[in-house]
Amino acid sequence: MYYTRFNTRICEILLVGDEKGLARLHLNIGEGGRQFKILDTWVARPDFFVDIKAQVMEYLDGKRRVFAVDLNTNGTDFQKAVWEGLRKIPYGRLVTYGDIAKGLGKEKASRAVGGACGKNPVPLITPCHRVIGANGNFTGFGSGLAIKKKLIALEQNP
């Protein structure tokens with residue numbers, strides 16, 4: 001696996017992937033429940049991630065609404081189905097965990113959807129920040145609610 005890290009106006013971002021695609025995108029802000037460690041077996045290759053980095057920067061500058069990135073993520077079949085559903089949420093739109101569950105034909109699986117969102121290995125690319133609680137509150141985000149609010153504000157006020 002290769003990795004790189006770079007600074008943006010919101011936080012440091014780490015990317016991990018290989019020829020099969022992007023495996024991880026970590027928002028390194030020191031908040032939230034996400035733990036991230038660069039493994040000794042990974043090789044630093046900033047040149048490998050030039051296109052993905054450019055897309056992330058364009059997104060954060062309000063110039064990109066859809067990512068064109070091959071993914072190589074690991075998860076259960078249910079998690080992968082949730083992540084696919086998340087990628088269908090339009091830029092700037094908010095949906096609930098229940099909406100995602102209904103879209104999967106599993107109306108009572110809101111909590112399980114929340115769990116899959118919490119395991120999302122590539123936030124931004126798979127926009128779990130666009131998911132809110134049924135009551136309209138901002139709930140759960142592996143990198144912390146402050147960054148979730150910033151990302152939502154970015155999309156709603158480009």
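Since this is a predicted model, take the numbers as computed values, not measurements.
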Do any side-chain atoms of residues 98-118 form donor-acceptor pairs under 3.5 angstrom with protein atoms, and if so which ones, sequence neighbours left out?
| residue | atom | partner | partner atom | Å |
| --- | --- | --- | --- | --- |
| Asp99 | OD1 | Thr96 | OG1 | 3.4 |
| Asp99 | OD2 | Thr96 | N | 2.9 |
| Asp99 | OD2 | Thr96 | OG1 | 3.2 |

Query raised in the report: Does some side-chain heavy atom of Leu27 sit less than 4.5 Å from a side-chain heavy atom of Phe141?
Result: yes
Query raised in the report: Could you state the interatomic distance from CG (Asp18) to CZ (Arg45), rounded to the nearest 0.5 Å?
Result: 11.0 Å
Query raised in the report: Got Val69 and Gln55 here, is their nearest side-chain heavy-atom distance under 4.5 Å?
Result: yes
**Report entry** Test item: Ile29 and Lys150 side chains (from C-beta on) under 4.5 Å apart, heavy atoms
**Finding:** no
Requested in this report: Supply the atom-to-atom distance Asn74 CG to Lys80 NZ, rounded to the nearest 0.5 angstrom.
Outcome: 6.5 Å
Query raised in the report: Is the closest side-chain heavy-atom distance between Tyr2 and Glu19 below 4.5 Å?
Result: yes
Check residues 122-131 and write down every donor-acceptor pair under 3.5 Å in which the side-chain atom is one partner and the other belongs to a residue at least two apart or another chain.
| residue | atom | partner | partner atom | Å |
| --- | --- | --- | --- | --- |
| Thr126 | OG1 | Arg87 | NH1 | 2.8 |
| His129 | NE2 | Tyr59 | OH | 3.3 |
| His129 | NE2 | Glu155 | OE2 | 2.7 |
| Arg130 | NE | Glu155 | OE1 | 2.8 |
| Arg130 | NE | Glu155 | OE2 | 3.2 |
| Arg130 | NH1 | Ile89 | O | 2.7 |
| Arg130 | NH2 | Glu155 | OE1 | 3.4 |
| Arg130 | NH2 | Glu155 | OE2 | 3.0 |

Query raised in the report: Do side-chain atoms of Glu12 reach the backbone of Arg5 as a donor and acceptor pair under 3.5 angstrom?
Result: no
Report task. Determine, using the 4.5 Å side-chain heavy-atom cutoff (strictly less than), whether Leu22 and Phe6 are members of one ILVMFWY cluster. Result -> yes
Report task. Compare every heavy atom of Met1 with every heavy atom of Ala23, then report the nearest pair and how far apart it is. Result -> CB-CE, 3.5 Å
Query raised in the report: Are Val95 and Ile152 connected in a single hydrophobic cluster, I mean Ile/Leu/Val/Met/Phe/Trp/Tyr linked by side-chain heavy atoms less than 4.5 Å apart?
Result: no
Query raised in the report: Sub-3.5 Å donor-acceptor pair from the side chain of Asn137 to the main-chain atoms of Thr139, do we have one?
Result: no
Report task. State plainly whether one hydrophobic cluster holds both Tyr91 and Val66, where clusters connect Ile, Leu, Val, Met, Phe, Trp and Tyr through side-chain heavy atoms under 4.5 angstrom apart. Result -> no
**Report entry** Hydrophobic cluster membership, Leu145 vs Tyr97, 4.5 Å side-chain cutoff
**Finding:** no
Report task. Start with the C-alpha gap between Phe48 and Val43, add the side-chain angles, then the distance that decides, and say whether side chain to side chain contact (heavy atoms under 4.5 Å, CB included) holds. Result -> CA-CA 10 Å; Phe48 184 81; Val43 177; over 6 Å; no
Query raised in the report: Is there a path from Leu86 to Leu94 through hydrophobic residues (I, L, V, M, F, W, Y) whose side chains come within less than 4.5 Å of each other?
Result: no
Requested in this report: State, with a plain yes or no, whether a side-chain heavy atom of Arg9 is found less than 4.5 Å away from one of Asp61.
Outcome: yes
Query - Any residue meeting side-chain hydrogen bond (donor to acceptor under 3.5 Å, both in side chains) with Tyr3, in chain and number order, not counting sequence neighbours - result: none
**Report entry** Nearest-0.5 Å distance, CG of residue Leu14 to CZ of residue Arg24
**Finding:** 9.5 Å
Query raised in the report: Do Asn120 and Trp83 touch side chain to side chain, with heavy atoms closer than 4.5 Å?
Result: yes
Query raised in the report: Do Met57 and Thr8 have side chains that get closer than 4.5 Å, going by heavy atoms?
Result: yes
Query raised in the report: Taking side chain as C-beta onward, heavy atoms only, is Ile52 less than 4.5 Å from Thr4?
Result: no
